[in-house]
Amino acid sequence: MALGKYDPEAVERKWQQTWQDSGCFEVEVDSAKPKYYVLEMFPYPSGKIHMGHVRNYSIGDVVARFKSMQGFNVLHPMGWDAFGLPAENAAIKNSTHPATWTYQNIAEMREQLQRLGYSYDWRREIASCRPEYYKWEQKFFLKFLEKGLAYRKDSPQNWCPSCNTVLANEQVEEGLCWRCDSEVEQKDMEQWFLRITDYADELLADLESLEGGWPERVLNMQRNWIGRSYGAELTFKVKDMDQTVSVFTTRPDTLFGATFMSVAAEHPLVETLTADAPNKAEIDAFVANIRNMDRIKRGADDLEKEGIFTGKYCVNPVTGADMPIYIANFVLMGYGTGAVMAVPAHDQRDFEFARKYGLPLKTVINPAELDATGEVLAEADLQAAYTDPGILVNSGDFSGMDNESAKKAIVEHLDSSGLGTMAVNYRLRDWNVSRQRFWGAPIPVIYCPDCGVVPVPEDQLPVLLPENAQVRSDGKSPLPAMEEFVNCTCPACGAAARRETDTFDTFFESSWYYMRYCDPRNESEPFSQEATGYWMNVDQYIGGIEHAILHLLYSRFFTKALRDTGFIKADEPFANLLTQGMVLKDGGKMSKSKGNVVDPNSMISRYGADATRLFILFASPPVKELEWSDQGIEGAFRFLSRLWRLVEELEDRLEAVRPTSFNDPQTDAARQLRFKEHDTVRRVTRDIENEFQFNTAIAAVMELVNEMYALKDELADDAPKALSSAIATAVTLLSPVAPHLCEELWAAMGHAESLARQSWPTFAEDALVKDEVTLVVQVNGKVRGKFEAPNDAPKDDVEKIALGLENVAKFIEGKTVRKVIVIPNKLVNIVAN
RNA sequence: GCCUGGGUGGUGGAACUGGUAGACACCCGAGACUUAAAAUCUCGUAAUCUUCGGAUUGUGCGGGUUCAAUUCCCGCCCCAGGUACCA
């Protein structure tokens, strides 16, 4: 077989067909083999793949092919995160059904991914918008409902006026909708929630088990998001009223210094407290003003602290002092209890508030150094709150205690009277999963006028999304107006009832798709225990950092919830996580508005899939950002052509040998090439295993190819065997990155079996032993010369040669040699002065 | 403010447990081949100086440890991401 000119398109199409015909990447449960599950985040079928996808999937493909060659049974699936708003928008624009647009996009994107030669088991492909898929999450929801993990609640929600739907807390970014950047409003609505907060502790604790496998910053982002703080819940009696106010505080040790109380404008007690206030109108206006303020303004750093006195007092349980109750604009209903005990001497916000409204300050924590002198921090002198640790003062029996011990002691004291307990508070809120959208999975419940909320019986699943729906031009979901969908009979009593018209948040689908991949065609259950027992967890998950909180937190929660409802045995879904960096152009993110988008298709048709993959993996390590370079991909293409030409030139003399099979060099050149060949195996293997350093792995193969070019004419009789072995090694090592070209060259050497089925090469230690090594000579730490010496030459010999070097002698002349440090086979440092 | 990363040539990036800083590639320059161009091949390419042997400086800044520091320690500056009136 003659190779001829390198034509990427022809080579790539040929091997893609071959792999498909032979079922090369199709895998089954095989308990005799160790498994490896590599997964890339499944794409939203927007219509076209972009460079970010190419990077994500190329990284995953190298891992999959590498692990497979190492002997693992590799699960490497692909599918589509197919529900979502863009399909509805496109449907409005083209007046079609969102499904039409979605399935068309899937077909196009599948073809593009196939053109890139990724080693997916396409039989396992899933699309989350198919009833065979969402049927199971409807079932999960019913189980959650049964377990009390799902509940319905009426409360203020984040509302995006542009998307016409509510958003989860995680989907609001700086007060804006995560998807469309519209300002998010607050709206009272009845919605379905999942009790993710029940798992707050476990979600936090298990992050420890991911240490090492997940990037530290993602673990930290999740920790911050869950936001656990330790403190106490204290109860204050309202004076002259049969009411109490509870607060959460991390500083119960400062209770003796609490001089007033601040509550949020939304606090349920506000109305009761102010009912008989003489300035009721003024208070109402103040409250309304805060409530109507948008999130951004209200959350601004420089927002002036403002408040208004309710006219009521509560009683400090330890001092008995009256504490005026204020409504304050900086107190948030969404955190803690929506009420704060104000300790102006030891909290900066309370300090500012107290100064503004002339409220009393009382020092109760004294800096230890000051305390030693017998003095106490003077309230009048305070320029800011004292928030550091110290010794309690003015605190009755607790005075003299250090403030850490006092936290516990004071809460225990209150506990006896039922006014305080230790408490843990989380920033995490329950997950609102209701969306007022059409293109999503219907929430399987029915509202009966007599029975209330009734779950759809399991045998009536799936609740199908109607195929005949007409999307509305105003963007609202058509479901509430579709009588044939809405009207139904109550499964409990048979009366006429209404079906829920909200659909699930699309993060519902992406929270469990990796489990479905394990058993994607199962019609009797979401997945079998056998399949998930073998394949789960995902060994390596790869995707963008933008999912660090949302998707990854929801998936972790889902795994635990499905474990507790008996579906799966795993505690965590993803053992290892790689977050790849963004693909940039001219220093900025590629975007249509900037007009700097590089279309993968044009690159593939021009340079081929192999060159595109090679460049994107070579230009930068996976976790870093990648600057796209048009010259760079040309360089990648040039290297592949160079390798191709080398094999073409030698084709007649090559033998179908295994990598690193050449082991009896006769010439120095052959010894040198053999060293390089084995060293390359060592480096490439190490670089891929350590942090997926594909860039340096590729560089190592480039060096090997350069070495072959440099030595090929000096190999004499060793040439055929030495070169055959080195080329076999080069194409094998490079095959995960540029699989098509490598298969072609492998075949050209005379191999009948696919390279994809070969085992990963190993290196021989003896090949890495050099007869001669270069030693560097330093004088006082500066390089002054170098020389060749036999491997493991005796220290004394090495020292003698080093001291005798001309340039070295120059630098030690007139000085006394104090010490000579010899690092074997590396370096000699002469210390002289 | 707090948390997490990160600052190395003209550019992307290397440097295994402290041991020749700049691998590999891009760009650029010179030469070979060619009628010519492209492609390809060879060589050069941190800065400054140079008697062309080499010398000096150099991994954000300032200190320190060490025979030896991009690597370890202390203090600062800058950049990116996350997060926050969180009580």
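Just so we're on the same page: letters track the sequence lines, and every chain starts at 1.
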> For A/N224, enumerate each residue passing the side chain to side chain contact (heavy atoms under 4.5 Å, CB included) test, keeping only those at least two apart in sequence or located in another chain.
none

> For A/G635, which contact category applies under a 4.0 Å heavy-atom criterion: base, sugar-phosphate, or nothing?
sugar-phosphate

> State whether A/Y709 and A/R642 meet the cation-pi test: NZ (Lys) or CZ (Arg) under 6.0 Å from the six-membered ring centroid, and within 45° of the perpendicular axis.
yes

> Does the ring pair (Phe, Tyr, Trp, His ring centres under 6.0 Å) test come out yes or no for A/F637 and A/F615, once each step is laid out?
CA-CA 8 Å; A/F637 180 75; A/F615 169 70; over 10 Å; no

> Measure from NZ or CZ of A/R228 to the centre of the six-membered ring of A/Y426 and say whether it is under 6.0 Å with the direction within 45° of the ring axis.
no

> A/M341 or A/E216: which one's nearest nucleotide on RNA chain B is closer to the 5' end?
A/E216

> Could you give me the CA-CA distance, side-chain angles and deciding distance for A/T421 and A/E233, then say whether side chain to side chain donor-acceptor pair (under 3.5 Å) is met?
CA-CA 6 Å; A/T421 56; A/E233 192 161 322; 5.9 Å; no

> Can you check whether A/R349 has a side-chain N or O nearer than 4.0 Å to OP1 or OP2 of B/C86?
yes

> Hey, could you give me each pair passing salt bridge (Lys or Arg N to Asp or Glu O under 4.0 Å) that has a residue in residues 691-710 of chain A? Not counting sequence neighbours.
A/K676-A/E703, A/R683-A/E703

> Using a 4.0 Å heavy-atom cut-off, write out nucleotides 6-19 of chain B from 5' to 3' as B (base contacted by protein), S (sugar-phosphate only) or - (no contact).
------BSS-B--B

> Dot-bracket for RNA chain B, please, read 5' to 3', with Watson-Crick or G-U wobble pairs under 3.5 Å on both distances, ( ) within the strand, [ ] crossing, | other strand, . unpaired.
(((((((..(((......[....))).(((((.......))))).((((....))))..(((((..]....))))))))))))....

> Hey, mind stepping through A/S641 and A/Y607 against side chain to side chain donor-acceptor pair (under 3.5 Å) and telling me if it holds?
CA-CA 10 Å; A/S641 306; A/Y607 301 103; over 6 Å; no

> Write down the distance between CG (A/L704) and P (B/C24), rounded to a whole number of angstrom.
13 Å

> Which letters describe nucleotides 48-58 of chain B, given B = protein heavy atom under 4.0 Å from base, S = only from sugar-phosphate, - = neither?
------SSSS-

> Just how far, in rounded Å, is C1' of B/U4 from CG of A/L219?
10 Å

> Taking syn as any angle within 90 degrees of 0 and anti as the rest, which one fits B/G9?
syn

> Show every donor-acceptor pair shorter than 3.5 Å between a side-chain atom in residues 826-833 of chain A and any protein atom, with sequence neighbours excluded, or say none if there are none.
residue : atom : partner : partner atom : Å
A/N829  : OD1  : A/G781  : N            : 3.1
A/N833  : OD1  : A/R818  : NE           : 2.7
A/N833  : OD1  : A/R818  : NH2          : 3.2

> With sequence neighbours excluded, tell me which residues meet side chain to side chain donor-acceptor pair (under 3.5 Å) with A/Q222.
A/R556

> In whole angstroms, how far is the C1' atom of B/C24 from the CE atom of A/M702?
7 Å

> Could you tell me whether A/N425 contacts a base, only the sugar-phosphate backbone, or nothing, with contacts defined as non-hydrogen atoms closer than 4.0 Å?
nothing

> Taking the chi torsion of B/G53, is it syn (within 90° of 0) or anti (everything else)?
syn

> With 3.5 Å as the limit, what N/O pairs link the protein to nucleotides 41-45 of chain B?
residue : atom : partner : partner atom : Å
B/C41   : OP1  : A/R642  : NH1          : 2.8
B/C41   : OP1  : A/R645  : NH2          : 3.3

> Rounded to whole angstroms, how far apart are OH on A/Y335 and P on B/U83?
16 Å

> For the C1' atoms, the ones on B/A55 and on B/U71, what distance do you get once it is rounded to whole angstrom?
27 Å

> Distance between the P atoms of B/G9 and B/G22, in whole angstroms?
14 Å

> Polar atoms only, N or O, under 3.5 Å: list the protein pairs with nucleotides 28-34 of chain B and their distances.
none

> Over how many whole Å does the gap from A/I290 atom CD1 to B/C85 atom C1' extend?
13 Å

> Between the side chains of A/T197 and A/D430, does any donor sit under 3.5 Å from an acceptor?
yes

> Any side-chain N or O of A/N833 below 4.0 angstrom from OP1/OP2 of B/C67?
no

> At what distance, to the nearest 0.5 angstrom, does CD1 of A/I688 lie from CZ of A/F694?
6.0 Å

> Just how far, in rounded Å, is P of B/C86 from CD of A/E233?
19 Å

> Using the P atom on both, measure B/C86 against B/G64 and round to a whole Å.
41 Å

> With sequence neighbours left out, write down each residue that passes side chain to side chain contact (heavy atoms under 4.5 Å, CB included) with A/N791, or none if nothing qualifies.
A/V769, A/V773, A/N825

> How far does the C1' atom of B/G10 sit from the matching atom of B/G31, given to the nearest Å?
23 Å

> Mind checking side chain to side chain contact (heavy atoms under 4.5 Å, CB included) for A/F675 and listing every partner two or more places apart, or none if nothing turns up?
A/D679, A/L768, A/K770

> Could you note down all residue pairs passing salt bridge (Lys or Arg N to Asp or Glu O under 4.0 Å) where residues 332-351 of chain A supplies at least one of them, sequence neighbours left out?
A/D347-A/R349

> Distance between the C1' atoms of B/G58 and B/A46, in whole angstroms?
8 Å

> With rounding to whole Å, what would you report as the distance between B/C16 and B/G29 at their P atoms?
34 Å

> Taking atom C1' of B/A87 as reference, at what distance in whole Å does atom OH of A/Y230 sit?
17 Å

> Are A/L553 and A/W225 close enough that some pair of their side-chain heavy atoms sits under 4.5 Å apart?
yes

> Atom CG in A/L414, atom OG1 in A/T235: separation rounded to 0.5 Å?
9.0 Å

> Could you pick out which residue, A/G336 or A/V218, lies toward the 5' side of RNA chain B when each is mapped onto its nearest nucleotide?
A/V218

> Round to a whole Å and report the spacing from CG of A/N780 to P of B/A69.
11 Å

> P atom, B/U42 versus B/G60: distance in rounded Å?
34 Å

> Could you tell me how the ring of A/Y357 sits relative to the ring of A/F353: parallel (under 30°), tilted (30 to 60°) or perpendicular (over 60°)?
tilted

> Given side chains that start at C-beta, do those of A/F639 and A/F618 come closer than 4.5 Å, heavy atoms only?
no

> When the P atoms of B/C27 and B/U11 are compared, how many Å lie between them, rounded to an integer?
15 Å

